[in-house]
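Computation of the quantities below employed the complete heavy-atom set of this structure, encompassing side-chain atoms and omitting hydrogens, waters and symmetry-equivalent molecules. This structure is a prediction, so every number in the text was calculated from the model and none was measured.
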Amino acid sequence: MGFSVLGFSSPPFPTGRLYSTNGCSQSASDGGGAVENPIHKVKPTVAVPQYKWRLVIAYDGTHYAGWQFQISPPTIQCLVENALIRITKLGREDLCFVGAGRTDAGVHAWGQVAHFVTSFNYDSLESIHAALNGLLPSDIRVREISAAVPEFHARFSAKGKVYHYKIYNDTIMDPFQRHYAYHSVYKLNTAVMREAAKQFIGRHDFSAFVNMSRNDRVPDPVKTIFRFDIIEMGALLQLEVEGSGFLYRQVRNMVALLLQIGREAVPPDIVPKILATRDRKELAKFALSAPPHGLCLVAVKYNEDHLRLPSGCPPTSFGRHHTVSKCKLPFY
């Protein structure tokens, strides 16, 4: 089967999995075929090689209703998926497009990770990379595209995530930061905020810091926070938190409590007390969720085995620079 666009080619790197025409994630078996009924002939399932591709995506979430797919209002997943459909000519159920995490409306990302599958391979990823960014709006960019091993899953293979939350702590808001930082007119005591942030580090039950969602599937409330740093850059405070995973609105709820502590409305030792209650209502007595626009998903962490490239795959694309071969203007 030949393809005329975007460098499709014959399969050079088998994945060891089969992709069925009647399903999204079918596996192949090595058993013998069924005996054909001479009266009722059953059309066999056609299986072709499956190729998996990893994307690293950055976006300004200001004008979007979050990551998770929905048609209206538009979401990041919807727009990227529609671009992939146009380029690959595959249906949504065939692409199996999955993201590492579902960011809320207004939340930004520098290192969102997603994957999709195709039944064909690419000679080069630069063409599809350029085509994707050509179709996407300017506030969504695919930073990187690479081949992925069959075992890789953008969501379930993730071993950790890094979030940043920005706070602009001055009397007058910087207009260039208004979409990316929360404005605190209260002078924040960063020393007590750092003391409180340390209380989050370690393995804890974060039930008191999760908001319930209509599509929650009772996730494990026990998470591990590896670090929680507060970086001062003039009037801008950057709260950097890295953990094994995060519950719905957990980061924004932790930041909200730290803001109250920084205002010296509550003492820093309130953190372990609220954690111990495992009750969201207890946190609500002291703080509401911080606004979404200050939050950014910076990175998703994976084991090296899941990030290795399959043998014979095309090189990873980080985009390409344009060059001028000859100056068309006279030089004086």
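Side chain of Arg252 to backbone of Ala290: a donor-acceptor contact under 3.5 angstrom is found. A side-chain donor-acceptor contact under 3.5 Å links Gln70 to the backbone of Pro73. Listed for the Asn133 side chain is a donor-acceptor partner under 3.5 Å among the backbone atoms of Val142. No donor-acceptor distance shorter than 3.5 angstrom exists from the side chain of His63 to the backbone of Asp139, with no hydrogens or angles considered.
No chain of hydrophobic side-chain contacts below 4.5 Å, direct or via other Ile, Leu, Val, Met, Phe, Trp or Tyr residues, connects Val149 to Leu309. Criterion: ILVMFWY side-chain heavy atoms under 4.5 Å apart, direct or through other members. Under it, Val192 and Phe286 are part of a common hydrophobic cluster.
Partner Leu259 forms a side-chain contact (heavy atoms from CB on, under 4.5 Å) with one of Leu237, Leu239, Asn169, Leu188 and no other, that one being Leu188.
Here Trp110 and Tyr59 keep their ring centres 6.0 angstrom or further from each other. His293 has its ring centre no less than 6.0 Å from the ring centre of Tyr180. If you look at Tyr51 and Phe120, their ring centroids are not closer than 6.0 Å. Under the 6.0 Å cut-off for aromatic ring centres, Phe246 and Phe206 do not qualify, their centroids lying 6.0 Å or more apart.
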Evaluation steps, side-chain contact (heavy atoms from CB on, under 4.5 Å), between Lys223 and His204: CA-CA 6 Å; Lys223 305 294 179 185; His204 303 286; over 6 Å; no
Worked verdict on Arg54 versus Glu144 for salt bridge (Lys or Arg N to Asp or Glu O under 4.0 Å): CA-CA 8 Å; Arg54 179 173 51 248; Glu144 178 184 331; 5.3 Å; no
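Inter-residue side-chain proximity for Asn253 and Arg280 is flagged as met; some heavy-atom pair is nearer than 4.5 Å. Between Tyr64 and Leu79, the closest side-chain pair of non-hydrogen atoms falls below 4.5 Å. Side-chain atoms of Phe200 and Met254, non-hydrogen and from C-beta on, do get closer than 4.5 Å to each other. Looking at Ile57 and Gln77, their side chains never come closer than 4.5 Å, going by heavy atoms from C-beta outward. In this structure, Val271 and Ile261 have side chains that are in contact, with non-hydrogen atoms separated by less than 4.5 Å. No side-chain heavy atom of Ile145 sits under 4.5 Å from any side-chain heavy atom of Tyr122. Between Tyr163 and Val298 there is no side-chain heavy-atom pair separated by less than 4.5 Å. Counting heavy atoms from C-beta on, the side chains of Phe97 and Phe69 never come closer than 4.5 Å.
Side chains of Thr190 and Glu232: a donor on one and an acceptor on the other come within 3.5 Å. There is no side-chain donor-acceptor pair under 3.5 Å between Ser146 and Trp53.
Through side-chain heavy atoms spaced under 4.5 Å, either directly or across other Ile, Leu, Val, Met, Phe, Trp or Tyr residues, Met173 is tied to Tyr168, Ile231, Met233, Leu236. Phe176 shares a hydrophobic cluster with no other residue; no ILVMFWY side chain has heavy atoms under 4.5 Å from its own.
Between Glu282 and Lys285, at least one side-chain N (NZ, or NE/NH1/NH2) sits under 4.0 Å from a carboxylate O, which counts as a salt bridge. A salt bridge does not link Arg86 with Glu81: every distance from a Lys NZ or Arg NE/NH1/NH2 to an Asp or Glu carboxylate oxygen is 4.0 Å or more. The existence of a salt bridge linking Arg227 and Asp229 is confirmed by a sub-4.0 Å separation between a basic side-chain nitrogen and an acidic carboxylate oxygen.
More than 12 heavy atoms of other residues, nucleotides or ligands shown are found within 6.0 angstrom of CZ on Arg263. Within a 6.0 Å sphere centred on CG of Leu307, other residues, nucleotides and ligands contribute more than 12 heavy atoms. In this structure, Phe226 places its CZ atom where more than 12 heavy-atom neighbours from other residues, nucleotides or ligands lie under 6.0 Å away.
The minimum heavy-atom distance linking Pro221 with Asp205 is given by the pair CB-OD1, 3.4 Å. Here the closest non-hydrogen pair linking Arg141 and Ser138 is NH2-CA, 3.8 Å.
Taking the six-membered ring for Trp and thresholds of 30 and 60 degrees, Tyr165 and Tyr182 have ring planes inclined between 30 and 60 degrees apart.
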